[in-house]
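Quantities reported herein were computed from a predicted structural model and do not represent experimental measurements.
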Amino acid sequence: MGVKSKAAAAILVLLLFLGSLWLQGGLDYHWESCLKAYHQENNPHQLNNSSVDEGSGILQVLETCPGQTFQVSLLIHHLLGAPVYTSDVLLQPYLSSWDELVKFMEALGPMVGLISQEIQTKTSIIRELALLAQKSPEAELGQFEKENNPESSPHTGGYHSVRSMIRMELDQGLVDFNHQTDSGCRTLLRLHRALLWLKLFLGKLAEMPANGRLKNPSELCREAYKSTLAKHHTWFVRRAAEIAFIAMPDRTFFFRLVCVQNQEDLSRVLTKVVQATGEVYNRTQKALEEHGMLDLP
């Protein structure tokens with residue numbers, strides 16, 4: 001089977017299986033697009049597509065890559081702006097990071113583009129929840145505002161950060177530990193799992209050759225998938241993913257995507273991304289684990 005035939009087969013299989021079951025074995029549960037929020041000044045509850053410039057003076061941003069929709073400099077900017085206090089993550093820059101990662105996935109072709117559609121649905125769910133909560137501020141704040149929490153601002157709402165969202169949804173009984181719901185916590189968990197997959201993939205892509213041989217991206221993506229998302233998927237989805245990764249672009253494509261000339265430069269750039277992603281992932285992992293939310297249905 002030729003490369004084109006393999007790519008066509010991969011896309012077809014994804015359309016049948018992966019497109020409806022990628023993140024949690026049931027992507028069609030939230031397939032319809034949700035309303036996205038847009039930024040309005042002096043509106044801390046609304047989560048938009050631009051991250052809050054937290055500590056911009058210390059953000060080291062790479063140059064813009066001309067001709068590319070995906071900008072690795074913006075991704076790093078959003079990721080560095082997400083961690084706050086000692087163990088929390090701001091939701092606005094977190095979601096903005098995903099906006100950029102969606103562009104990254106879409107650049108890899110139609111088969112990964114199917115996954116990016118589901119990611120967009122997930123980020124839209126959290127943004128819509130923030131908008132709905134904003135319309136009912138008393139219901140949003142509830143008991144959360146009454147708590148004396150040194151790591152939360154008393155002037156922000158429940159969807160300001162990962163930890164504030166967890167506390168607010170638990171206080172209001174929005175999190176169901178036995179059934180699927182549209183809670184922000186459940187949605188965050190799906191994004192969290194996908195973030196680990198991308199983090200590991202980019203980390204493998206950044207590795208310098210140990211024996212003079214670089215593995216192809218499809219092989220690296222497959223390895224990252226097997227150790228992350230695969231454990232949450234059915235047999236059919238895992239088989240579909242195995243076929244789908246055949247259509248992954250070659251390594252030189254990633255050079256062009258982030259505007260570098262060689263593996264050494266790619267490693268330098270992606271290492272920045274992986275480090276920033278790791279901090280966000282670890283903080284989110286800790287918050288979800290502390291509240292027993294790593295296995296929400």
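- Here the closest heavy-atom approach between residue S183 and residue E169 is recorded as CB-OE1, 3.4 Å.
- Here the shortest heavy-atom pairing between F70 and E100 reads CD1-O, 3.3 Å.
- We find that E118 and R193 are not joined by a salt bridge, their nearest charged nitrogen and carboxylate oxygen being 4.0 Å or further apart.
- Taking each heavy atom of Q71 and Q68 in turn, the nearest pair found is NE2-O, 2.7 Å.
- For the residue pair S124 / T121, no side-chain donor-acceptor distance below 3.5 Å is found, with atom types taken as modelled.
- The salt bridge (Lys or Arg N to Asp or Glu O under 4.0 Å) test applied to E207 returns no partner, not counting sequence neighbours.
- The minimum heavy-atom distance between M168 and Y159, with the atom names listed, is CE-CE1, 2.9 Å.
- In this structure, OG1 on T64 lies 6.5 Å from CG on L74, to the nearest 0.5 angstrom.
- Side-chain contact check for L294 versus Q285: some heavy-atom pair is nearer than 4.5 Å.
- Atom NZ of K286 sits in a sparse spot, with 12 or fewer heavy atoms from other residues, nucleotides or ligands closer than 6.0 Å.
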Yes or no on side-chain contact (heavy atoms from CB on, under 4.5 Å) for L198 and L101, after CA distance, side-chain angles and deciding distance? CA-CA 9 Å; L198 287 174; L101 286 170; 4.3 Å; yes
Begin with the C-alpha distance, continue with both residues' side-chain angles, and end with the deciding distance and a verdict on side-chain contact (heavy atoms from CB on, under 4.5 Å) for M248 and L220. CA-CA 10 Å; M248 182 71 65; L220 298 177; over 6 Å; no
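- Here Q120 contributes atom CD and M105 contributes atom CE; the two are 8.0 Å apart, rounded to the nearest 0.5 Å.
- Between L131 and R127, every side-chain heavy-atom pair lies at or beyond the 4.5 Å cut-off.
- Note that OG of S161 and CG of D88 are 3.5 Å apart. Values are rounded to the nearest 0.5 Å.
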Verify side-chain contact (heavy atoms from CB on, under 4.5 Å) between Y94 and V162, making sure each step is shown before the conclusion. CA-CA 9 Å; Y94 176 84; V162 167; 5.6 Å; no
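- The shortest side-chain heavy-atom distance between S218 and I246 does not fall under the 4.5 Å cut-off.
- Remark: side-chain polar atoms of N282 are paired, donor with acceptor, to backbone N or O of G278 under 3.5 angstrom.
- No side-chain heavy atom of K204 sits under 4.5 Å from any side-chain heavy atom of E219.
- For the side-chain contact (heavy atoms from CB on, under 4.5 Å) with K122, the qualifying choice from L188, L189, L95, T187 is T187, the only one to do so.
- Classified by interplanar angle (parallel below 30°, tilted 30° to 60°, perpendicular above 60°), the ring pair F104/F201 is tilted.
- Put simply, the side chain of C65 does not reach to within 4.5 Å of the side chain of V72, judged on heavy atoms.
- Taking a cutoff of 4.0 Å between a charged side-chain nitrogen and a carboxylate oxygen, R283 and E279 qualify as a salt bridge.
- Cluster annotation: L75 and L196 are assigned to the same hydrophobic cluster (Ile/Leu/Val/Met/Phe/Trp/Tyr, side-chain heavy-atom contacts under 4.5 Å, transitive).
- Between F253 and L108 there is a side-chain heavy-atom pair separated by less than 4.5 Å.
- For H291, there are no ring-ring contact (aromatic ring centres under 6.0 Å, His included) partners, not counting sequence neighbours.
- For the atom pair H192 NE2 and Y281 OH, the distance stands at 3.5 Å (nearest 0.5 Å).
- Contact detail for P93 and G81: the closest heavy-atom pair is CG-O, 3.5 Å.
- Put simply, the side chain of L288 reaches to within 4.5 Å of the side chain of I166, judged on heavy atoms.
- The shortest side-chain heavy-atom distance between L205 and L266 falls under the 4.5 Å cut-off.
- A 6.0 Å sphere centred on CG of N262 holds more than 12 heavy atoms belonging to other residues, nucleotides or ligands.
- Summarising the geometry, atom CH2 belonging to W197 is positioned 9.5 Å from atom OH belonging to Y225; distances are rounded to the nearest 0.5 Å.
- Remark: the backbone N or O of Q92 is paired with a side-chain donor or acceptor of S96 at under 3.5 angstrom.
- Inspection of the D176 and T181 side chains reveals no N or O donor paired with an N or O acceptor under 3.5 Å.
- Between K103 and T69 the shortest heavy-atom distance is CD-O, 3.5 Å.
- Although no hydrogens or angles enter the test, the distance criterion places no donor-acceptor pair under 3.5 Å between the side chain of R190 and the main chain of I119.
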Please lay out, stage by stage, how H160 and L91 fare under the test side-chain contact (heavy atoms from CB on, under 4.5 Å). CA-CA 6 Å; H160 175 70; L91 281 177; over 6 Å; no
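- Checking side-chain atoms of R163 against main-chain N and O of V89 turns up no donor-acceptor pair under 3.5 Å.
- Applying side-chain contact (heavy atoms from CB on, under 4.5 Å) to F255 and the options D265, D250, V269, V260 leaves one that passes, V260.
- Note: L270 CG to F254 CZ = 9.0 Å, rounded to the nearest 0.5 Å.
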